[in-house]
Amino acid sequence: DVKVTQSSRYLVKRTGEKVFLECVQDMDHENMFWYRQDPGLGLRLIYFSYDVKMKEKGDIPEGYSVSREKKERFSLILESASTNQTSMYLCASASRLLAKNIQYFGAGTRLSVL
Amino acid sequence: GDSVTQMEGPVTLSEEAFLTINCTYTATGYPSLFWYVQYPGEGLQLLLKATKADDKGSNKGFEATYRKETTSFHLEKGSVQVSDSAVYFCAHRSGGSNYKLTFGKGTLLTVNP
């Protein structure tokens with residue numbers, strides 16, 4: 001089974017702190033994604049990576065950056081956390097092959113910024 | 001632009017009732033269509049998918065048929081169980097993209113015994 005592991009289930013941070021959310025997948029997938037999930041808004045794509053050191057902005061990249069130094073690991077960085085970044089963050093990975101292009105999700109990290 | 005519109009919840013049903021969650025989409029090209037499910041405290045997992053018009057995806061008693069003429073992909077189940085209580089997301093992958101999924105806002109289903 002594909003496993004996508006997010007390092008923390010719950011995080012509480014203070015405004016202005018630098019926050020790292022980590023995601024690791026064990027299926028050698030090329031593509032990895034970060035979403036945020038908010039009630040009434042569904043899932044919104046923050047960033048996408050299609051290879052090591054490669055990234056593309058999603059629909060809501062403002063206030064976030066990402067890092068992909070190794071194929072299996074994709075990090076989301078909040079340079080200076082703000083209260084409006086309180087949310088559930090979901091990481092996903094997928095094969096680049098179209099026939100296998102199913103996104104597999106981690107359990108999520110619920111971040112509270114106080 | 002690309003979008004997915006699904007039935008707003010919450011939906012509350014009794015066990016063994018019939019379920020329909022409506023989903024319509026706008027997309028470029030010929031999208032693939034998906035239903036994902038999120039059980040309490042978990043991430044999303046793929047429930048079923050369809051990749052071309054008239055395809056029917058099915059899994060765990062759930063079904064959805066890709067209707068190109070009505071741009072719809074409604075989720076149905078003939079007899080729901082308490083264990084089906086979850087949030088359901090409709091999504092599509094546009095024919096112009098091999099990676100980006102566009103999600104609906106999700107529908108919370110609660111099934112009572």
According to a 4.5 Å side-chain heavy-atom criterion applied to Ile, Leu, Val, Met, Phe, Trp and Tyr, with indirect links allowed, do A:Ile46 and A:Ile77 form part of one hydrophobic cluster? no

At their closest point, which heavy atom of B:Lys105 faces which heavy atom of A:Leu41, and how far apart are they? CG-C, 4.0 Å

Transitively linked via ILVMFWY side-chain contacts under 4.5 Å: A:Leu21 with A:Val24? no

Is it the side chain or the backbone of B:Gln38 that comes within 4.5 Å of chain A heavy atoms, both, or neither? side chain

Taking atom OH of B:Tyr36 and atom CD of A:Gln103, what is their separation to the nearest 0.5 Å? 5.5 Å

Please identify each residue that fulfils side chain to side chain donor-acceptor pair (under 3.5 Å) with A:Glu72, with sequence neighbours left out. none

Shared hydrophobic cluster, B:Tyr39 / B:Val80 (ILVMFWY, side-chain heavy atoms < 4.5 Å): yes

So which bits of residues 56-69 of chain A come within less than 4.5 Å of chain B, counting non-hydrogen atoms only? A:Glu56, A:Asp59

Can you tell me which of A:Arg44, A:Arg9, A:Met88 forms the most heavy-atom pairs within a distance under 4.5 Å of chain B? A:Arg9

What about A:Phe105 and B:Phe34, same hydrophobic cluster or not, with Ile/Leu/Val/Met/Phe/Trp/Tyr joined at side-chain heavy-atom distances under 4.5 Å? yes

Does B:Phe73 belong to the same Ile/Leu/Val/Met/Phe/Trp/Tyr cluster as B:Phe103, with side-chain heavy atoms less than 4.5 Å apart forming each link? no

Using non-hydrogen atoms and a 4.5 Å limit, figure out which bit of B:Gln45 sits close to chain A: side chain, backbone, both or neither. neither

If I take atom CG from residue B:Leu46 and atom OH from residue A:Tyr104, how far apart are they, to the nearest 0.5 angstrom? 7.5 Å

Between B:Leu44 and A:Leu43, does the side chain to side chain contact (heavy atoms under 4.5 Å, CB included) criterion hold? Intermediate values first, please. CA-CA 10 Å; B:Leu44 277 70; A:Leu43 272 72; 3.9 Å; yes

Let me confirm one number: the NZ-CD1 distance from B:Lys49 to A:Ile102, rounded to the nearest 0.5 Å. 4.0 Å

So what's closer than 4.5 Å to chain B heavy atoms on A:Arg110: side chain, backbone, both or neither? neither

Name each donor-acceptor pair under 3.5 Å that joins a side chain in residues 9-24 of chain B to protein atoms two or more places apart or in another chain, with its distance.
none

Quick check on the structure: residues of residues 32-39 of chain A within a heavy-atom distance below 4.5 Å of chain B, by number. A:Phe33, A:Tyr35, A:Gln37

